[in-house]
Amino acid sequence: QDQERMERRREVIEQRKEAHERAVLEYEREERQRSQQEAIRRAEEEAKRQKQEAEAREEERVAREMREREKEDLLRMAAELDRKKGGKASYEELEAKVVDLDKDKLIREQKEQLNRERAEFEKKMAGYAKKIDHTERACREVERPLLEQWYDV
Amino acid sequence: MRPYLLKGHERPLTCAKYSREGDIVFTTAKDTKPTAWWAETGERIGTYNGHNGAVWAVDVDYDTKRIVTGSADNTAKIWVAETGQELYTFHKKTPVRSVAISPGDKLLALVTTSQMGYESSIQIHPFAQDTADQTDEVVMEMKGHTGIITHVVFDLCNRWILSCGEDATVRKWDIETGQEIGRNKDHQKGINDMQLNKEGTMFITASSDYTSRLFDPRTMETVKIYRTQRPVNAAAISPLMDHIALGGGQEAKDVTTTSNKVGQFQVRVFHKIFEDEIGTIKGHFGPINCIAFSPDGRSFVSGAEDGYARLHHFDPSYFQLE
Amino acid sequence: MVEKDSVAGGDDDFQVDPSEFKKDLWKTIILVDNLPVVPTEKFDKLLSVVTKIYSQLGEVVELVMPKGADGMSKGFAFVQFKTVEMAKLAQARTESYQLDKSHIFKVNGFEDVEKYMAADEKAPEPQVEPFQERGNLRDWCLDPRARDHFAIRAGDETEIFWNEVHSTPQSAFSRGQWSEGYPLWSPQGSYFATFHRMGCAIWGTLQFSKFARFEHPGVKAVDFSPCERYLVTWSQDGYEGTENVIIWDVRSGRKLRGFSAPDPDVAWPFFKFNHDGSYVARRGKDAINVYSLPDLQLVDKKKVQVENVRDISWSPRDNYLAYWTPEAGNSPARVVILDIPSRKEVAQKNIFSVADISLHWQSVGDYLAVKADRLTKSKKGKFTDLHIFRMREKGLPVEVIEINSAIQSFAWEPKGHRFAVIHGEGAKPDVSFYTMIRSKDNKIKLLAKLDKKSASNICWSPQGENVILAGLKAMEGSLEFYFISKEDEVQHVVSTDHYMANEVQWDPSGRFVTTTVPFSRYQHECGYNIWTMHGKLLHKIAKDRFVSFSWRPRPISLLTPEAIKNIRKNLREYSKKFDAEDERLRRRLEAGESEHRRMILEEWTKFILAKEEEYIQEQDM
């Protein structure tokens, strides 16, 4: 009977051992899986972060370029205006001016300058046309007595 | 100038009339539904449903109780102006091209088209005060035009009636006898419109010969000529200023390019006495078919081939013009 | 001013309506002059000879050979034919007919014959050109307000106008049924040539009186020499017995010589006159015929042999004749400038791979531009080279500009050193301006390149400096005005358009420019616009059935350069005067206008009052 009991007990122990081993295995498997998933997640997160950082850098670059271009444009406009007004401002002076000026004001100034130029050009053309007209009329007036005496020879 | 675009018609406009009080504008179009609009705001009041073809013309009685329309469905109809109720239908053999209610609302002139062997004619009906008494009876018929008669108007004293048409003539008929008592052949091409001035002492025509003429109805002689560079389809005399308004433009089939500029679809305002152009009012996208001044001369309505009517109220500066 | 069927009938002179035969009996008669003067014994013999000659050419109704009191023949004869056509044929065929060594027929016009018939038959005077008071052919240049003439053709009617600045053009002259074909001005504006069935007529002075007529049945085209002394008429069909091409002396109305039509590949004008009217050249087959004027004999009695010559062109100022020959075998295309009459080659240039060449003289002969359209190696693409000769420099050096695309249009600035080209493909070609003034690198300098322009034509003002880039015909009339300053700055003046315009014409003074839309192009808005030199619209004239517009050219100024210099120096004084004149005129016109309106208004008021009166009376009845 003892033997029998012993036998059962061993069996039980055996079973328990097996159960324990299975449990340990199961735990280890789960543990592995968990760590794998964790790794993937971390990798993904890292990639995302990097991408966002790259995008932000790119945006920053574009914005910077735009700012630069705008500044260049403004500088050019300012230089042009300055030149037309007969000024001889240096690059640094203009740059300082551009920083101070707002863009709308500069554009307005440029438009005004263009209108002024146009008006000036039109005035010049009108004067030119009058000169041509008066020269022609004067020539004809002086030629008239010569033509009166002219006959087909 | 604040124009209102009157949206509602689906086909080219054919005729526009103001009520005597000037508060309502009636328009007809090649769709089947004559429409009434508030003249101040351009808001649509309603439509008159019952015709089965293009509607060519409309006229309004003295107190804006009834309107009469003429249609390509070979009928003319009398309606209750306010409700759109159909009161009476005249049946003709051919399309009714023009309608006119005599001053005093005693007579109706209906113009039938020459078609399928029928000669175009002006038929005078008594206009019954009570529509229950209305009949199809014709008391007088005037014939003589070759081709379509485009417009007919009554003399303010009901002595004679004027008609114009595709045969480039304007004719004057005695209402009593039906005899032709005057004729003018100054236009070179078909006449598309004819309107009397407020006093009934002058009338104006619009012709495909690119001109509009002002006539003295007594002598039937041309008094003034207004020259444009396009066919004129509509002409109206301002009741307020010494101005006239002309509308027209190149017919779609003659326009080789789609450019609006080429068609010249502007309303042209001329000085009635000096015959020179004062200005143009643009907006339409097709030839203008009809123009009417409001009775006070402070606004006008134009209707065009583009399916729109446009209502214009003149700016105060306009009345400063000489 | 309208003159209708007055003294000098234009068309009636050439009527050949059969019903008119009796009235125009004289038209069937010709006068044969330069016959031998023979005694009575030989009279009948001569009569039969003359009769025989003429009866071969038509049905002779009557042949009269007058005799003098001494019994000797008078040396001329009248021949009457049955029809006008026969008479014309006989006249044409026997003009300069050589009867014998010393007798060359001179067959004369009809008007004189009529005069002789009416005059005493026994004492006909030797034929003398009747003296005619022709007036000053330049009287139209005397206009106190320095206006210019232009001619309008609308329908079949021709009318001359004065151009006005302050008002619409004023009619200067018109005449019913003036010309059957489209009339034209002579190069210096002295004459206006009209076309009729039986020939052409020329008119002059402010009265447009008839100056001469040139009988050439079926005449299709006429061309004046630049000096206006000679006229070439061309009758395409060539009536039987008449030559296709006739060269006339304008002042005497005399025919100098007739020619048969050239090869069909020779374009009108067939004869090219040099600047002063001393030579005229014609391209023949493998030769250039250079004739001296007015005798029209070949210079040195021989042609200039040039194998396969394609086009010839005189310098507008010197006796240089340029021509070109195409590539043949291994030898390249050649452009040659000949000195006339020495025939010496003063310059020449070889060009390879040439599809076509055109020659462009600058208006005063300072430069000759040779536009050579060339093919790419694959023969598929086209590009253009310009080879430009400097005619005023020693050795006539030539420079090349390579334009890497096809040139559609080339134009010299008149009397200037600059030129413009339209180049590139498609509806929006590029326009480039160049100057011939040498830059530091000694090359022709590009002044400006304007990209993608709606331009088909370059229209320089005759004064230079102003130029219009016009998109005509397919481009529907866009107009861009440019100003190119003396300092070579290319400036845009204004952009505008004249819808459907197909021509731009500057007036001879360069103060105005016209754009035209003929009826055939766009019937709804045909007519012409007159603009200022800087694109401000002065007049928009609608004209029914409008056909053409042409400014009257002006003669070369009689002023010396010193006189012009003097004017420029004192321009301020002149300006004061002209400004005042303009102001006076403007005021007068304004006053006239308001007066005009006042009158219209007055009439209208009267009219309305009369109507009201009538109306009241009617009411009373």
Side-chain angles (χ1 to χ4, degrees), chain A residues 69-70 72-89 94 104 106-153, chain C residues 134-148 165 190-191 204 211 228-229 250-251 461 463 465-466 481 483 485 491-494 507-512 532-536 554-555 557-560 563-564 566-579 581-582:
Chain A
R69 218 172 304 145
E70 199 168 286
E72 265 171 41
D73 284 347
L74 289 176
L75 263 173
R76 209 175 305 122
M77 269 161 65
E80 178 93 6
L81 275 170
D82 187 64
R83 191 180 57 72
K84 277 174 183 165
K85 284 179 188 159
K88 276 177 191 154
L94 286 172
D104 289 346
L106 205 54
I107 285 172
R108 205 163 52 239
E109 253 186 61
Q110 193 192 31
K111 210 177 252 172
E112 277 166 15
Q113 179 64 22
L114 281 176
N115 286 344
R116 260 199 305 280
E117 276 171 34
R118 187 74 215 166
E120 207 172 286
F121 179 68
E122 274 167 15
K123 205 173 138 197
K124 192 180 118 192
M125 285 291 105
Y128 173 89
K130 187 166 249 186
K131 195 177 125 197
I132 296 275
D133 179 45
H134 289 175
T135 308
E136 180 72 24
R137 286 159 73 175
C139 283
R140 290 192 187 184
E141 188 177 293
V142 176
E143 196 188 8
R144 229 169 271 141
L146 303 176
L147 281 167
E148 268 163 21
Q149 284 157 31
W150 179 91
Y151 62 99
D152 189 24
V153 268
Chain C
R134 277 160 167 169
N136 186 339
L137 271 171
R138 295 192 173 171
D139 59 355
W140 55 279
C141 297
L142 303 176
D143 183 60
R145 280 167 46 215
R147 295 172 299 173
D148 279 295
V165 181
S190 304
Y191 308 106
F211 190 86
E228 297 186 330
R229 284 208 303 279
V250 168
R251 280 172 297 191
S461 147
Q463 300 246 20
E465 299 194 329
N466 291 295
F481 288 69
F483 177 73
S485 66
Q491 286 166 297
H492 174 257
V493 181
V494 72
D507 84 321
S509 70
R511 292 177 295 171
F512 307 100
T532 66
M533 69 174 91
H534 293 135
K536 188 179 146 234
R554 286 180 66 86
S557 173
L558 300 176
L559 297 179
T560 57
I564 295 173
N566 206 30
I567 288 168
R568 287 192 200 285
K569 213 172 77 191
N570 298 314
L571 192 62
R572 202 177 284 267
E573 291 307 307
Y574 286 107
S575 271
K576 255 189 231 160
K577 194 172 91 179
F578 294 141
D579 279 337
E581 255 174 41
D582 285 350

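Within every chain, numbering begins at 1; the chains are lettered A, B, ... in the order of the sequence lines, protein sequences first and strands thereafter. Worth saying up front: this structure is predicted, and the values here are computed from it rather than measured.
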Got a second to check how far [X]'s [atom1] is from [Y]'s [atom2], nearest 0.5 Å?
X: A:C139; Y: C:L558; atom1: SG; atom2: CG; value: 11.5 Å
X: C:T560; Y: A:L146; atom1: OG1; atom2: CG; value: 8.5 Å
X: C:S509; Y: A:D133; atom1: OG; atom2: CG; value: 7.5 Å

With a 4.5 angstrom heavy-atom cut-off, which part of [X] approaches chain C: side chain, backbone, both or neither?
X: A:K131; answer: both
X: A:E143; answer: both
X: A:R137; answer: both
X: A:E122; answer: neither

**Request:** Before giving the answer on side-chain contact (heavy atoms from CB on, under 4.5 Å), spell out for A:M125 and C:F481 the whole-Å C-alpha distance, their side-chain angles and the decisive distance to 0.1 Å.
**Result:** CA-CA 12 Å; A:M125 285 291 105; C:F481 288 69; over 6 Å; no
**Asked** Just checking, is any N or O donor in the side chain of C:E465 or A:Y128 under 3.5 Å from an acceptor N or O on the other one?
**Response**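 Yes.
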Might you point out which heavy atoms bring [X] and [Y] nearest each other, and give the distance in Å?
X: A:L147; Y: C:C141; value: CD1-CB, 3.5 Å
X: C:M533; Y: A:A129; value: CE-CA, 3.6 Å
X: A:F121; Y: C:H492; value: CE2-O, 3.4 Å
X: C:R147; Y: A:R140; value: O-NH1, 3.4 Å
X: A:A138; Y: C:I567; value: CB-CG2, 3.5 Å
X: C:Y574; Y: A:V142; value: OH-CG2, 3.4 Å

If I measure from the heavy atoms of chain A, does [X] come under 4.5 Å with its side chain, its backbone, both, or neither?
X: C:N570; result: neither
X: C:L142; result: both
X: C:V493; result: both

**Request:** Could you walk me through whether A:K130 and C:D579 pass salt bridge (charged side-chain N to carboxylate O under 4.0 Å, His left out), step by step?
**Result:** CA-CA 9 Å; A:K130 187 166 249 186; C:D579 279 337; 3.1 Å; yes
**Item:** Greatest number of heavy atom pairs closer than 4.5 Å to chain A - which of C:E573, C:K577, C:R145
**Value:**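 Ranked by contacts with chain A, first place is C:K577.
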**Item:** Between C:E228, C:R568, C:R138, the one whose heavy-atom pairs under 4.5 Å with chain A are most numerous
**Value:**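 Ranked by heavy-atom pairs under 4.5 Å with chain A, first place is C:R138.
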**Request:** Would you indicate whether C:R572, at its atom CZ, is surrounded by more than 12 heavy atoms from other residues, nucleotides or ligands within a distance under 6.0 Å?
**Result:**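 For C:R572, atom CZ is not crowded (no more than 12 foreign heavy atoms under 6.0 Å).
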**Check: A:K124 and C:Q491 side chains under 4.5 Å, non-hydrogen atoms** =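 Side-chain contact under 4.5 Å: yes.
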